[in-house]
Amino acid sequence: MFQELTASFIDGRIQGASQSRRELIDPAAEEVFHAVSEAGQTDVARVAVAADRAWRKEWRDLAPGKRAELLFRLAELIEQNADQLAQLDSRSMGKPLASARGEVMAGARTFRYYAGALSFPAGDVIPVARGGFDFTIRQPLGVVACIVPWNFPFAIACWKTAPALAAGNAVLLKPAAASPLGALALGRLAMEAGLPAGILQVLVGSGAEMGDALVSDPHVRKVSFTGSTEVGRHVMRTAAQDFTRVSLELGGKSPNIIFADSDWEKAADSAPLAVFDNTGQDCCARSRVFVEASIHKAFLVRFVESARRLRVGSPADPDTELGPLVSKGRRDAVEAFVEGARRSGRVIHCGGERPAGRGFYYPPTIITGVETTDECWREEIFGPVACVRAFTNEDEMLAEVNASPFGLSASIWTRDLNRALRVSRRVESGVVSINCHNSVHIEAPFGGFKHSGMGRDLGLAALEGFSELKNIYIDA
Ligand code: NAP
Ligand code: MG
């Protein structure tokens, strides 16, 4: 599959814009394994025109049942090609092959969910004072841009593309420069499923180079973005000029809160994957661990033991739980956070040393003794680093949880139902998990408060986000 995926997928076929060539690096081997020609600013306009034309002609007025049929077929094709698709992103960004395969299957389920959602009632009938007949309908926006990061490249491409297409829009999908292949393959599979050419196009290229052209293109009615808070702020500013709609899923610094009355052994055993999974490159990573003081010591011992058991290794090895970081730059950034903590005299319980040998690896690292002003406590590290602090008072703990500008996810461990509900309400985050760490359900809305973004992916909320609400009144 690799060999054919060499440029953008425009108007139904792979075609080189050959603005520049980018070599893709396998982060486990530190070796170039593929190259793509990238699209630039000047390609964006013609691709957006093709999308708008295809949308008006072939998609806007297509019956929802027909759209659903095509999306169900796409879900099937994704599943049939799961092994190959998993290879593409695993090789580009280093996640274990088994996780990459899980992500592909989740992508297929996402298409199936939105295809199914098209057969449910949508809209309201509203009893208005004037007495006539008032009702709402949802209409597609037109052409939408979906910009995705490299950490869950296939899943997030599907989270955005599936509801956008289901709602009747044409999609310009821009994968991260480091991981374009799964998205490109998705574009080709969509054609194979029978979607008209131009309805799902994939622009391979650098965000810094062509991002502004994409966000400000006059045909683009909405930008659905997942990535860093910094780029999200820039996208929102650029989009404001034309009132282009935005939905932003940004960074996080999510808390894992463990009360003494909880099944804290289970919490300790699950805490490592809650923060270190995907080698910590997860916007929901529970990287700030708050433990009630009476169990702090015992919890920490068990957390460190479980973290040490995680198998770090080659993404291709079926036993591997954690692969390398995506790039040298990312690995160096993670190392700098840990070195900063070490210089400040913080206690490093496991990890904390870059291993010798090939690959951008960094081991799971747990730090204690941190102050709330420490960089490693406040900033998103986006790597396998967790900081643990003890608390004695619920209100004080919550104040510190909410002191973060981020607000994406949170885990709360307690057996006290009242406390679980009270704390869930008061935590400023878009997603809360009680006695577990599951943040993502295809059927439920996902997104953040505050600097973690605005708008929601997944669930029916995403379908609404990709449409305009229209009110129609019939005098009677
Ligand atoms: P990023 O640099 O913000 O990149 C995200 C995407 O935006 C990439 O496709 C990137 O393209 C593109 N981009 C870069 N500059 C752009 C511009 N000026 N205009 C338009 N698009 C532009 O983020 P990242 O470093 O890849 O990903 C890590 C971040 O994403 C973390 O902060 C993480 O928390 C966040 N994230 C959030 C969620 C969530 O759901 N909330 C999920 C995953 C990740 P290039 O690759 O070409 O630069
Ligand atoms: Mg970036």
Side-chain angles (χ1 to χ4, degrees), residues 8 19-20 22 24-25 36 38-41 44 89 92-93 95 103 145-160 172-184 202-217 220 223-239 244 246-254 275 277-287 325-327 329-330 333-334 379-383 404-409 429-431 439-440 445-458 462:
S8 294
Q19 206 72 15
S20 55
R22 179 186 295 261
L24 299 185
I25 295 165
V36 289
E38 296 199 316
Q41 288 171 33
V44 171
D89 290 331
S92 310
M93 56 69 67
K95 76 174 61 197
E103 208 181 307
C146 300
I147 303 178
V148 307
W150 45 263
N151 59 340
F152 294 102
F154 197 82
I156 297 178
C158 294
W159 291 10
K160 296 189 184 304
L172 302 180
L173 172 61
K174 194 214 113 33
S179 57
L181 300 179
L184 274 176
V202 185
L203 274 167
V204 171
S206 138
E209 156 68 23
M210 55 119 124
D212 285 354
L214 184 60
V215 174
S216 59
D217 188 278
V220 171
V223 178
S224 173
F225 172 88
T226 296
S228 59
T229 296
E230 181 197 350
V231 176
R233 182 179 284 122
H234 176 79
V235 164
M236 190 169 170
R237 271 206 194 106
T238 310
T244 302
V246 289
S247 147
L248 306 167
E249 302 291 354
L250 310 173
K253 189 76 183 175
S254 298
V275 53
D277 202 11
N278 214 37
T279 317
Q281 303 163 116
D282 182 338
C283 49
C284 290
R286 307 306 200 266
S287 52
L325 288 143
V326 65
S327 63
R330 191 94 292 283
V334 171
E379 289 178 29
E380 183 180 45
I381 298 177
F382 226 56
S404 172
F406 295 115
L408 190 52
S409 305
S429 71
V431 178
S439 299
V440 173
F446 174 78
F449 283 19
K450 306 191 287 186
H451 289 202
S452 290
M454 59 195 300
R456 294 293 179 265
D457 277 329
L458 299 174

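Both ligands and their constituent atoms are indexed starting at 1 by order of listing. Note that the coordinates shown come from a computational prediction; the quantities given were computed from them, not determined experimentally. When reading the values below, keep in mind they use all heavy atoms of this one structure, side chains included, and skip hydrogens, waters and symmetry mates.
- The N/O atoms of Ser228, backbone and side chain alike, include one that comes under 3.5 Å of an N/O atom in ligand 1.
- With sequence neighbours excluded, the residues forming a side chain to side chain contact (heavy atoms under 4.5 Å, CB included) with Pro153 are Asp89, Met93, Lys95, Glu103, Ser179, listed by chain and number.
- Ligand 1 is never approached by Cys284 to a heavy-atom distance shorter than 4.0 Å.
- Between Phe152 and ligand 1 there is no heavy-atom distance shorter than 4.0 Å.
- Taking 4.0 Å as the cut-off, Asp282 does not count as a neighbour of ligand 1 on heavy-atom distance.
- Using modelled atom types, one finds no donor on one side chain facing an acceptor on the other under 3.5 Å when comparing Ser404 with Lys253.
- The N/O atoms of Val148, backbone and side chain alike, include one that comes under 3.5 Å of an N/O atom in ligand 1.
- Proximity annotation for atom 16 (C) of ligand 1: of Thr229, Thr238, Asp457, Val231, Val231 comes nearest, heavy atoms only.
- Residue Leu250 touches ligand 1 through its backbone alone, judged by heavy-atom distances below 4.0 Å.
- Contact annotation: Pro175 has at least one heavy atom less than 4.0 Å from an atom of ligand 1.
- For ligand 1, the polar-atom distance check finds an N/O of Gly227 within less than 3.5 Å of one of the ligand's N/O atoms.
- In terms of polar-atom proximity, defined here as any N/O pair under 3.5 Å, Ala177 does make such a contact with ligand 1.
- Residue contacts with ligand 1, taken as heavy atom pairs separated by less than 4.0 Å, involve His234 solely via side-chain atoms from C-beta onward.
- Ligand 1 lies out of reach of Gly448, whose nearest heavy atom is not under 4.0 Å from it.
- Close N/O approach between Glu380 and ligand 1 is found [any backbone or side-chain N/O within under 3.5 Å].
- Nearest-residue assignment for atom 19 (N) of ligand 1 (options Gly251, Gly211, Ala208; heavy-atom criterion): Gly211.
- Residue nearest to atom 5 (C) of ligand 1, selected from Leu173, Ile147, Thr226: Thr226 (by heavy-atom distance).
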